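Everything below concerns the one structure shown next.
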Amino acid sequence: MQLLLYLFLYPIFWLISILPFRLLYVFSDGVCFLVYNVFGYRKKVVRQNIALALPHLSEKERFIVEKKFYHHLCDMFLEMVKTMTISQKEIDKRFLFTNLEVYQNLEKKGKSIALLCAHYASYEWAVSMNRHIEFEGFAIYKRLSNKHFDKLVRGIRSKFKATLIDTRDTIPTIEKNVKANHMSVYGLASDQSPQVSKAFHWTKFMGIETPVHTGAEMLAKRYDMNVIFLKNKKVKRGYYEATFELMANNPKEVPNYQISDDFLRRVEKQIYEAPEFYLWTHKRWKHKKK
């Protein structure tokens with residue numbers, strides 16, 4: 001069944017990927033109408049999340065954020081599909097790194113790097129940074145249940161020299177690279193909700209006391225990696241900018257959980273600046289202290 005679904009959808013995805021961007025976004029508007037108005041995909045979750053995280057906004061303002069978010073969500077999904085056939089020249093034009101020298105200076109220090117980012121703006125196209133760096137890039141992700149689509153996603157991202165590793169394979173991969181003295185950068189999106197049973201730290205995120213992922217910080221401390229934050233920004237439809245922000249040179253000297261808290265403060269800043277570009281469909285605050 002999984003293979004049949006893949007064989008049915010793959011040609012559709014490929015045809016979408018060869019559309020010029022202008023037509024791609026016309027198609028995205030149509031998809032958004034169906035997703036939002038007809039199917040109501042996770043509309044209840046999105047509405048609850050926005051109300052929880054942005055209580056200072058009026059009901060009308062939250063509704064505007066909600067509508068803009070769905071347009072962005074559909075754009076981002078189709079941009080990921082577009083990556084199947086996009087040229088390197090095109091991606092470099094549409095996803096710009098504003099200060100690569102900050103990252104490159106860290107490579108010169110001779111230590112691997114933990115790169116933290118949020119599910120914000122175009123986190124999918126952020127893997128294009130691998131074409132501009134010397135270290136091998138690894139993106140930590142959760143394997144898709146459909147092995148055929150999982151292989152497709154891996155193929156799309158490997159186009160930009162990014163190696164995807166499942167969350168369960170993270171430590172073995174890092175251990176192997178450390179033993180081989182193989183300098184690497186590990187991309188970790190750590191802004192979503194962990195299992196409560198595996199949560200070591202609770203803090204406020206968007207004003208709500210909630211468990212947070214601390215794995216990125218713990219890995220950085222255990223393997224003495226420099227820590228950097230990648231701040232994504234949507235400039236306009238189809239165009240993004242990413243800026244590197246140094247977080248820690250010697251993570252072992254930083255008090256426990258300070259890096260995780262600092263990461264969330266940076267994510268909050270992004271959300272407050274333009275909340276419509278955050279991934280509101282995830283049940284981020286399903287575990288919270290009353």
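Side chains are part of it too, since the values below use all heavy atoms of this structure and drop only hydrogens, waters and symmetry mates. Bear in mind that the values here come from a model prediction, so they are computed numbers and not experimental data.
Under the 3.5 Å distance criterion, the side-chain polar atoms of Asn105 are matched with a main-chain donor or acceptor of Glu101. For Asn49 (side chain) and His282 (main-chain N/O), a donor-acceptor pair under 3.5 Å exists by modelled atom type. Between the side chain of Lys252 and the main chain of Asp224, no donor-acceptor pair closer than 3.5 Å is present. Between the side chain of Thr163 and the backbone N or O of Phe138, no donor-acceptor pair lies under 3.5 Å. For the pair Lys111 (side chain) and Asn249 (backbone), a donor-acceptor distance under 3.5 Å is present. When atom types are taken as modelled, the side chain of Glu107 and the backbone of Phe135 share a donor-acceptor pair closer than 3.5 angstrom. Remark: side-chain polar atoms of Tyr41 are not paired, donor with acceptor, to backbone N or O of Tyr70 under 3.5 angstrom. With Ser112 contributing its side chain and Ser184 its backbone, the two residues share a donor-acceptor pair below 3.5 Å.
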Listed pairs under 3.5 Å, donor-acceptor, residues 211-222 side chains, sequence neighbours left out:
| residue | atom | partner | partner atom | Å |
| --- | --- | --- | --- | --- |
| Glu217 | OE1 | Tyr257 | N | 3.4 |
| Glu217 | OE1 | Ser260 | N | 3.0 |
| Glu217 | OE1 | Ser260 | OG | 2.6 |
| Glu217 | OE2 | Tyr257 | N | 2.5 |
| Lys221 | NZ | Pro251 | O | 2.9 |
| Lys221 | NZ | Val254 | O | 2.4 |

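Heavy atoms of other residues, nucleotides or ligands lying less than 6.0 angstrom from OH of Tyr239 number more than 12. Counted within 6.0 Å of NZ on Lys234, heavy atoms from surrounding residues, nucleotides or ligands total more than 12; the atom is thus considered enclosed. Surrounding NZ of Lys67 are more than 12 heavy atoms belonging to other residues, nucleotides or ligands, all under 6.0 Å away. Within 6.0 Å of OH on Tyr10 lie no more than 12 heavy atoms contributed by other residues, nucleotides or ligands.
Proximity of Lys204 to Leu264: side-chain heavy atoms (C-beta onward) are nowhere separated by under 4.5 Å. Taking 4.5 Å as the limit, some side-chain heavy atom of Asp191 sits within range of a side-chain heavy atom of Phe263. At least one side-chain heavy atom of Ile86 sits under 4.5 Å from a side-chain heavy atom of Trp125. Looking at heavy atoms from C-beta onward, Arg62 lies out of side-chain contact with Arg47 at the 4.5 angstrom threshold. For the pair Phe200/Pro194, no side-chain contact is recorded, criterion being any heavy-atom separation below 4.5 Å from C-beta on. Using a 4.5 Å heavy-atom threshold, the side chains of Lys231 and Glu245 count as touching. A 4.5 Å side-chain heavy-atom check between Phe69 and Leu73 finds at least one atom pair inside the cut-off. At a threshold of 4.5 Å between non-hydrogen side-chain atoms, the residues Arg284 and Leu52 do not count as touching.
The shortest heavy-atom contact between Trp280 and Pro275 is NE1-O, 2.7 Å. The two residues Asn232 and Ala121 make their nearest non-hydrogen contact at CB-CB, 3.8 Å. What you find for Thr281 and Arg42 is that their closest heavy atoms are O-NH1, 2.8 Å. Across Ser128 and Ile91, no two heavy atoms sit closer than the pair CB-CG1, 4.0 Å. The two residues Leu230 and Cys117 have their closest heavy-atom pair at O-CB, 3.9 Å.
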Test log, rule salt bridge (Lys or Arg N to Asp or Glu O under 4.0 Å), inputs Asp169 and Lys176:
CA-CA 11 Å; Asp169 300 324; Lys176 180 181 177 181; over 6 Å; no
Stepwise, does the side-chain hydrogen bond (donor to acceptor under 3.5 Å, both in side chains) test hold for Asp150 with Tyr141?
CA-CA 11 Å; Asp150 186 75; Tyr141 86 118; 2.7 Å; yes
Test side chain to side chain contact (heavy atoms under 4.5 Å, CB included) on Phe205 and Val267; report intermediate values, then the result.
CA-CA 9 Å; Phe205 178 42; Val267 177; 3.9 Å; yes
Stepwise, does the side chain to side chain contact (heavy atoms under 4.5 Å, CB included) test hold for Leu279 with Gln192?
CA-CA 9 Å; Leu279 187 64; Gln192 300 201 335; 3.4 Å; yes
Take Glu273 and Tyr120 through the test side-chain hydrogen bond (donor to acceptor under 3.5 Å, both in side chains) and record every step on the way to the result.
CA-CA 12 Å; Glu273 287 174 356; Tyr120 185 89; 5.7 Å; no
Do Ile271 and Met206 pass the side chain to side chain contact (heavy atoms under 4.5 Å, CB included) test, and can you show the C-alpha distance, the side-chain angles, and the key distance before you say yes or no?
CA-CA 9 Å; Ile271 295 173; Met206 300 300 292; 3.7 Å; yes
Going through the distances and angles, do Asp75 and Ser28 end up as a side-chain hydrogen bond (donor to acceptor under 3.5 Å, both in side chains)?
CA-CA 6 Å; Asp75 280 0; Ser28 180; 2.6 Å; yes
Evaluate side chain to side chain contact (heavy atoms under 4.5 Å, CB included) for Tyr272 paired with Leu54, printing each intermediate quantity in order.
CA-CA 8 Å; Tyr272 285 127; Leu54 305 170; 4.1 Å; yes
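Atoms NZ and CE, from Lys109 and Met183 in turn, are 14.0 Å apart once rounded to the nearest 0.5 Å. Remark: Glu61 CD to Ile50 CD1 distance equals 12.0 Å, nearest 0.5 Å. The structure places CG of Asn226 at 6.0 Å from CD1 of Ile113, a figure rounded to the nearest 0.5 Å. To the nearest 0.5 angstrom, Asp92 atom CG is 8.5 Å from Ser87 atom OG. Atom OH in Tyr186 sits 9.0 Å away from atom OH in Tyr223 (nearest 0.5 Å). Note that the CG atom of Asp262 and the CZ atom of Arg266 stand 4.0 Å from one another [nearest 0.5 Å].
When hydrophobic side chains of Ile, Leu, Val, Met, Phe, Trp and Tyr are connected at separations under 4.5 Å, Val196 ends up clustered with Trp202.
Phe63 and Val45 fall into different hydrophobic clusters, where Ile, Leu, Val, Met, Phe, Trp and Tyr are joined by side-chain heavy atoms under 4.5 Å apart, directly or via other members. The hydrophobic cluster containing Ile18 also contains Met80, counting ILVMFWY residues as joined when their side-chain heavy atoms lie under 4.5 angstrom apart, directly or transitively. Taking hydrophobic clusters as Ile, Leu, Val, Met, Phe, Trp and Tyr residues chained together by side-chain heavy-atom distances below 4.5 Å, Phe21 does not share a cluster with Val235. A single hydrophobic cluster is seen to contain both Leu246 and Ile133, as judged by linkage of ILVMFWY side chains at heavy-atom distances under 4.5 Å, directly or through other members. Neither Ile228 nor Leu96 shares a network with the other; the hydrophobic side chains, linked directly or stepwise wherever heavy atoms of I, L, V, M, F, W or Y lie under 4.5 Å apart, form separate groups for each.
Between Trp14 and Thr85, the side chains place no donor N or O within less than 3.5 Å of an acceptor N or O (distance only, hydrogens not considered). Neither side chain, His201 nor Asn256, offers a donor N or O lying under 3.5 Å from an acceptor on the other.
Here ring-ring contact (aromatic ring centres under 6.0 Å, His included) pairs that include residues 87-119, with residues two or more places apart or in two chains, are Phe95-Phe97, Phe97-His132, Phe97-Phe244, Tyr103-Phe244, His119-Tyr123.
The existence of a salt bridge linking Glu79 and Lys82 is excluded, since no basic side-chain nitrogen approaches an acidic carboxylate oxygen closer than 4.0 Å. With respect to the salt-bridge test (charged N to carboxylate O, under 4.0 angstrom), the residues Glu268 and Arg265 qualify.
Aromatic ring orientation, Trp285 versus Tyr278: tilted (interplanar angle from 30° to 60°).
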